[in-house]
Structures are given as structure tokens and as C-alpha cells.
Amino acid sequence: VHISLLGGYALPTGKNYVGAFAYGAGLSFDLHKYFAIEVSGLRYESSVAGSEDGLSKGTLAVLPLEVSLKGQLPLSGGRFTPYFAVGAGYSFYQFSLDPQIGADWETVGFSITEKLDNAIGFHFGVGLDVALNRSLALVIDARFRFAESKAAWTMTDQTSNEEISGVLEKLDQGSIALGIGLKFSLR
């Protein structure tokens, strides 16, 4: 059983998103010398520039919870262990509209909301564990995530309470995450 703590950088693949510091944790179980299963999560907050066919300007908090099957190859008596990971997960999103945009709409008599749906995604990655001692290793990890989500927006006239709404389909929520951290082995 292994517990990992990671910090790094997440670079969203969708246009109009900005990369951000990421942090997370994982729990893995060795199934065999060459295979492990891992449950992990990596959180980051990305600035959104805004576009007509995507989310408006704001901030998007992302938390993918993932299950991975890892193929690992212990070298030099287990001192170096390169690995390949593949799996799936469920991403939780929380979008916060830029306060200035909300205020601008309110001055002309409208309130606006936008919400991004959570989504199922897939990933693959590579990494390297470098044993520092029997129970501690340095972890270097790179993951590529594929995910698409949809968003809904609503605009309400504050005088008549009439609403108009719409849906934004197939918003790219993929990312490339690079991380470094520590892995503690419970033996």
C-alpha cells in the first residue's frame, strides 16, 4: 500500500483556459510486482478568458477523481521504477463567473448564471518512482486527461423575471498535468 502527495502544474487543453498550480494525493495497491491499481485526485483552479462559444470570463475549479491501472518495471533492485498508467475518472467542476461581468449585466437589468456539468474522463500517463529509502520514494508523474462537458447558462430579466437559457455542448476539459511529489510505502 502506498500513499502519494503531489504538487505540480496543470495545463488545460481547451482554448481560453490558463494553466495553474495543481496539488493532489493518491492511494495505490500493488497487485503484483509489475502491476498496481491507484485511486487519485488532483485539484487546480484555472482562469477562463471567456468566449462566445464557451464559458464567460471567470474561474474554473477542477477536481478529477481517477482510478488507474499501472504497469511498472522495477529496475536496479527496485531503486528506479518507471511506470505507465491508464484509467478513467469523474471530474467535478465549479465555475465562478467574473464578478465584473455579473455587475455589468445587473446595471442593465439582467442577472446571469453559468454552470458546467461534471463529466467522465479518461487518462494515460507515465512516471518514475525513485526510492529514497525502503518506505519513501520521489515521484515524477505526467498525465494527459481527455474529458468533454456541457454548460448551461441562464439570463433573467430582473423586472419581469422572464428567463432565457441555453446549453454549450462539447466543451474541451482535457488537461496535461505534470507533478512531482513523495510516495510513502506502508509495509
Side-chain angles (χ1 to χ4, degrees), residues 1-48 55 59-95 116-151 170-187:
V1 176
H2 312 280
I3 298 171
S4 301
L5 300 174
L6 292 170
Y9 191 76
L11 181 63
T13 56
K15 63 180 182 175
N16 299 317
Y17 297 92
V18 177
F21 171 74
Y23 59 92
L27 179 65
S28 62
F29 304 92
D30 288 337
L31 302 174
H32 184 273
K33 180 179 179 180
Y34 300 110
F35 295 101
I37 191 164
E38 178 182 62
V39 177
S40 62
L42 187 74
R43 186 183 188 286
Y44 63 93
E45 282 191 22
S46 178
S47 294
V48 182
L55 295 172
T59 304
L60 179 63
V62 180
L63 174 61
L65 297 178
E66 300 171 328
V67 176
S68 305
L69 180 61
K70 292 172 72 173
Q72 49 198 22
L73 182 62
L75 303 172
S76 298
R79 179 143 171 81
F80 300 98
T81 306
Y83 62 85
F84 179 83
V86 63
Y90 190 75
S91 293
F92 296 91
Y93 303 109
Q94 183 166 353
F95 178 70
L116 185 66
D117 290 347
N118 299 332
I120 293 173
F122 302 95
H123 66 274
F124 70 87
V126 295
L128 176 67
D129 293 347
V130 180
L132 302 175
N133 62 37
R134 185 174 173 193
S135 60
L136 183 64
L138 176 68
V139 178
I140 301 168
D141 187 81
R143 302 268 170 124
F144 190 87
R145 293 180 177 84
F146 304 92
E148 280 189 349
S149 185
K150 66 180 182 176
K170 296 186 178 183
L171 298 178
D172 180 4
Q173 297 303 319
S175 65
I176 299 169
L178 305 172
I180 190 166
L182 294 174
K183 180 168 140 180
F184 305 91
S185 298
L186 309 173
R187 299 177 194 245

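This structure is a prediction, so every number in the text was calculated from the model and none was measured. Because only heavy atoms are used, hydrogens play no part in the values below, and waters and symmetry mates are left out as well, while side chains stay in.
Side-chain atoms of H123 and P64, non-hydrogen and from C-beta on, never get closer than 4.5 Å to each other. For the pair P74 and Y34, the minimum side-chain heavy-atom distance is below 4.5 Å. In this structure, the side chains of D129 and F80 stay at 4.5 Å or more apart for every pair of heavy atoms. Counting heavy atoms from C-beta outward, Y83 and D141 have side chains that approach closer than 4.5 Å. Contact check for Y44 versus Y9: no side-chain heavy atoms found under the 4.5 Å cut-off. Residues S91 and R145 are not in side-chain contact: their nearest non-hydrogen atoms beyond the backbone lie 4.5 Å or more apart.
What you find for G19 and P12 is that their closest heavy atoms are CA-CD, 3.7 Å. Here the closest non-hydrogen pair linking L42 and A177 is CD2-CB, 3.6 Å. Taking every heavy atom of both residues into account, L55 and A151 meet most closely at CD2-CB, 3.8 Å.
To the nearest 0.5 angstrom, F184 atom CZ is 5.5 Å from L136 atom CG. To the nearest 0.5 angstrom, F84 atom CZ is 13.5 Å from Q72 atom CD. Distance check, rounded to the nearest 0.5 Å: CG of L128 to CG of L138 gives 8.0 Å. Atom CD1 of residue I120 and atom CD of residue E148 lie 13.0 Å apart, to the nearest 0.5 angstrom. With rounding to the nearest 0.5 Å, the separation of CZ in F35 from CG in D30 is 12.0 Å. For the atom pair CG of L132 and NZ of K183, the computed distance is 11.5 Å after rounding to the nearest 0.5 Å.
More than 12 non-hydrogen atoms from other residues, nucleotides or ligands lie less than 6.0 angstrom from CZ of F144.
At distances below 3.5 Å, at least one donor-acceptor pair connects side-chain atoms of S46 with backbone N or O atoms of V18. Judged by distance alone, the side chain of T13 and the main-chain N or O of G174 form a donor-acceptor pair under 3.5 Å.
Considering N118, L116, D117 in turn, L116 is the only one that fulfils the side-chain contact (heavy atoms from CB on, under 4.5 Å) rule with Q173.
Note on E45 versus R43: salt bridge recorded, some NZ/NE/NH1/NH2 to OD/OE distance being below 4.0 Å.
Under the 30°/60° scheme for interplanar angles, the aromatic rings of F92 and Y90 are found to stand perpendicular.
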